[in-house]
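To start, the structure under review is shown below, and the notes come after it.
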2 protein chains.
Amino acid sequence: MNLPPLVQAFVLHFGEMGSRWGINRTVGQIYALLYVSPAPLNADQIVEALGVSRSNVSMGLRELQGWNLAVPKHVPDDRRDHFTTPGDVWEILRVLAEERKKREVDPTLSVLRELLMQAPASEAERHAQARMAEMHGLIEQLTNWYEDVKKLETERLAQLLALGSRVARLVEATDKVVSLGRRKKKE
Amino acid sequence: MNLPPLVQAFVLHFGEMGSRWGINRTVGQIYALLYVSPAPLNADQIVEALGVSRSNVSMGLRELQGWNLAVPKHVPDDRRDHFTTPGDVWEILRVLAEERKKREVDPTLSVLRELLMQAPASEAERHAQARMAEMHGLIEQLTNWYEDVKKLETERLAQLLALGSRVARLVEATDKVVSLGRRKKKE
DNA sequence: CCGTGATTTCAGTAATTCCTGAAAATTCAG
DNA sequence: CTGAATTTTCAGGAATTACTGAAATCACGG
């Protein structure tokens, strides 16, 4: 690997980090490299930059494409495929959230739904199902919220983030209004 | 493994899922088992339920404790350690978010900060740093928001979730008020 | 079609991670 | 203390995952 020190440090860090996620070192490094690269890179350039085998890069790129984290970019007068990452970091965030949800949350949700349909055959199963229902409920709330929020344009999303803790007060205020409307059912 | 079918399906699913996260199959299974168990379990009960070695359970439990996802629970008149998961699913969510942030986000944030301090030695490095700055900015915004939100009590958090897309309107409204206050700087 | 360059596949190997059983350490009652 | 019960450690083997080089496939200009 022969890269400017700053870039190299970044790439190596993503390689390490990759292991803490599901992705392997090479995939992490490829992503990092594409992310900081000023122009799209072809596979051979990646090979040279990272010092891994051509086939490894091929597989890594394929995986990144599966995650929508690397997109092929056609360069005129060049037969080779070139790749970039989605340019806008917000876009990357969206892609990541979406993919992780798809891979890590949705399958669980569907298993839970299925298990909750079955009739419990014992006290142990009744209890287990109750716990599963709790988990299912929480995950569903979270994903519903996510589905809503992901529709927001980036600008609104940024505002929402910027609001931070003030959201709390906003929610409290809303709560009060609602409570009053309901004639202070609780509290 | 000899468990009620419902429980077994749940446990096996978490075992599979474990691999998609960083955790291994056994750890995922132990967690799932503790989660649906009506009472705290000791290591030998887990061994019997899952059909894995005693030492494997020991290591798994240790890892779960590191994640704060298994907590020892003393059972009177029994020398053996018993374990449960944090009971409230919201609590579990908090723990998970906190731990994942600590392991997956904070290290990256600190590397980015470090790299951004260095003076770029070339045009390539200047560009790379600009990209890193973008990423750093986004992550910082997200973690700030998270730090704020995690302070909310569970009830408020639930309200916030329930609000869902309506948050968008709330934010828009806030935006307008602010804009008016600023004499419609933009738009 | 053919040939050239680019990419992908895949079988084999390297590296890593997981799991086990045996041994060591710890804990605590007597 | 001693010894039984329990837990932890750890070296080595099993299983999984990552990586490579060679060969196959693909894409396209001529």
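All values derive from a computational prediction rather than experimental measurement. These numbers come from the heavy atoms of this one structure, side chains and all, not from hydrogens, waters or symmetry mates.
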Query - Any R80(A) side-chain N or O less than 4.0 Å from OP1/OP2 of dG5(C) - result: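 No, R80(A) has no side-chain N/O under 4.0 Å of OP1/OP2 on dG5(C).
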**Report entry** Contact letters for nucleotides 9-19 of chain D, in which S counts primed atoms plus P, OP1 and OP2 and B counts the base, heavy atoms under 4.0 Å
**Finding:** BB-------SB
Measure [atom1]/[X] against [atom2]/[N] and give the value in whole Å, please.
| X | N | atom1 | atom2 | result |
| --- | --- | --- | --- | --- |
| E63(A) | dT9(C) | CD | C1' | 16 Å |
| E48(B) | dT6(D) | CD | C1' | 17 Å |
| D44(B) | dT7(D) | CG | C1' | 10 Å |
| N42(A) | dG5(C) | CG | P | 15 Å |
| R54(B) | dA24(C) | CZ | P | 18 Å |
| D77(A) | dG29(D) | CG | P | 11 Å |
| D78(A) | dA27(D) | CG | P | 17 Å |
| I46(A) | dT8(C) | CD1 | P | 11 Å |

Requested in this report: Work out which heavy atom in R94(B) is nearest to a heavy atom in Y146(B); give both atom names and the distance.
Outcome: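 Minimum heavy-atom separation between R94(B) and Y146(B): O-OH, 4.2 Å.
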Query - Main-chain N/O of E125(A) paired to S122(A) side chain as donor or acceptor, under 3.5 Å - result: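 Checked: pair present.
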Query raised in the report: Is a salt bridge present between K150(A) and E147(A), judged by a nitrogen-to-oxygen distance below 4.0 Å?
Result: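 The answer is yes: the pair qualifies as a salt bridge.
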Report task. Please determine if E99(B) and R103(B) form a salt bridge, counting it only when a charged side-chain N lies under 4.0 Å from a carboxylate O. Result ->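 Yes.
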Query raised in the report: Is it true that the side chains of R126(B) and Q129(B) contain a donor and an acceptor less than 3.5 Å apart?
Result: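 Result is no, nothing qualifies.
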**Report entry** Polar pair under 3.5 Å, donor/acceptor by atom type, side chain R79(B), base dA29(C)
**Finding:**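 Under the 3.5 Å cut-off, the side chain and the base do not form any donor-acceptor pair.
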Requested in this report: Scan residues 48-60 of chain B for pairs that pass side chain to side chain donor-acceptor pair (under 3.5 Å), counting only residues two or more places apart or in two chains.
Outcome: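 Every side chain to side chain donor-acceptor pair (under 3.5 Å) pair that includes a residue of residues 48-60 of chain B, provided the two are not neighbours, is T26(B)-N56(B), S53(B)-S55(B).
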